[in-house]
Number of protein chains: 2
Amino acid sequence: MAVESPVKPDARYVDAECVAAVRITMVDRTEATDVADVFRVLADPTRVSIIHALLVSELCNSDLASVLGISESAVSHQMRELRLMKLVSAERRGRMVYYRLTDTHIRHIFEDTLRHVREDARGS
Amino acid sequence: MAVESPVKPDARYVDAECVAAVRITMVDRTEATDVADVFRVLADPTRVSIIHALLVSELCNSDLASVLGISESAVSHQMRELRLMKLVSAERRGRMVYYRLTDTHIRHIFEDTLRHVREDARGS
DNA sequence: TTGACAGTTGAGCAACTATGCAAGTAAAAT
DNA sequence: ATTTTACTTGCATAGTTGCTCAACTGTCAA
């Protein structure tokens, strides 16, 4: 089952065929960084809690802080990050700023992962 | 549509009902950390590239380094991390160590996110 | 206007991370 | 036995991140 490789199959690689197959569908550095950035936003317990809370209901800054048991400043810092990433949108109503999720993709990714973690927890 | 809240609806919260609804399904800190940990593994361009390559074919350390254009040491360091997280498994064959993905959940999460990023790239 | 409230922001810090380097181990070749 | 190949690992370090604190802006009430 020798496949004609698009890359010269010389001694540079241990398994030239595997390397060739990988090269065809490979992501470039910028795309890899884009994917990593999406995951990076979700890779913090505080942000996970924030997003999980906003999956249920929109909330203002201070209620988020109360529910999560962290400072309002810490919430605000994270919301800035999440807003920059276009993950949440903010709306001012009087003195309060209400946050809600904007992205439905993240919702799916997030729920899949939560399910995965909960299955793992039951398993081991 | 006043909902009977399980939490005392006093002046501690701006929107006691929303807070109560959030509290019911809330993740605790350890679960949030578990979820964050899964995402953290995927939140690095090098690891994204490694995982994407291993979605296609198993590879040894040096071929991974060649394909990704990074040092064998860098690959080895990351593989240690990925092995600790039970995301990849290693098998020694002679002098080479071959890596392959172990987790199918991650495969789905990863492919979903890649699709998401590519849709975003087309959109804007 | 004055004061209280809700949220934002910048500086600074402690903790973490990715990688290069160099020294190490393990297996095969000489 | 010695050398070469393939990979691992400890240490150092530059860079990043999440948070606290304090100072700030903007909104509403008296």
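No hydrogens, no waters, no symmetry mates; every other heavy atom, side chains included, goes into these values. Proteins come first, then strands; the chains are lettered A, B, ... in the order of their sequence lines, and each starts at number 1.
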Touch check for [X], heavy atoms < 4.0 angstrom, all strands: base, sugar-phosphate only, or nothing?
X       : value
B/Tyr99 : sugar-phosphate
B/Ser62 : sugar-phosphate
B/Ser76 : base

On a heavy-atom basis, the closest approach of B/Ala53 and B/Leu59 is CB-CD1, 4.2 Å

Of all heavy-atom pairs between A/Ser57 and B/Val22, which one has the smallest distance, and what is that distance?
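Answer, listing the atom of A/Ser57 first, then B/Val22: CB-CG2, 4.2 Å.
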
When the distance from [atom1] of [X] to [atom2] of [N] is rounded to whole Å, what number comes out?
X       : N      : atom1 : atom2 : value
A/Gln78 : D/dT17 : CD    : P     : 11 Å
A/Arg47 : D/dC19 : CZ    : C1'   : 12 Å
B/Asn61 : D/dT8  : CG    : C1'   : 9 Å
B/Leu64 : D/dC7  : CG    : C1'   : 12 Å
A/Met85 : D/dG18 : CE    : P     : 10 Å
B/Glu81 : D/dC7  : CD    : C1'   : 18 Å
A/Leu84 : D/dT16 : CG    : C1'   : 16 Å
B/Glu91 : D/dA6  : CD    : P     : 17 Å

Could you give the side-chain donor-acceptor pairs of residues 60-68 of chain B under 3.5 Å, partners two or more places apart or in another chain?
unit_1  : atom_1 : unit_2  : atom_2 : d
B/Asp63 : OD1    : A/Val14 : N      : 2.9
B/Asp63 : OD2    : A/Val14 : N      : 3.4
B/Asp63 : OD2    : A/Asp15 : N      : 2.9
B/Ser66 : OG     : B/Ser62 : O      : 3.0

Please examine the side chains of [Y] and [X], heavy atoms only from C-beta on, and report whether any two atoms are closer than 4.5 Å.
X        : Y        : value
B/Val19  : B/Arg23  : yes
A/Leu114 : B/Glu31  : yes
B/Thr46  : A/Arg29  : yes
A/Val38  : B/Phe39  : no
B/Glu119 : A/His105 : yes

With nearest nucleotide decided by heavy atoms, which residue, B/Arg80 or A/Arg40, maps closer to the 5′ end of DNA chain D?
B/Arg80

Which two nucleotides bound the region of DNA chain C that has atoms under 4.0 Å from heavy atoms of chain A, read 5' to 3'?
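Counting from the 5' end, contacts occupy C/dA4 to C/dG10.
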
Polar-atom pairs under 3.5 Å, protein N or O versus N or O of nucleotides 21-30 of chain D: list them with distances, or write none.
unit_1 : atom_1 : unit_2  : atom_2 : d
D/dC21 : N4     : A/Ser73 : OG     : 2.8

Gap separating the NE2 atom of A/His116 from the CG atom of B/Asp34, nearest 0.5 angstrom
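A/His116 NE2 to B/Asp34 CG: 10.0 Å, rounded to 0.5 Å.
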
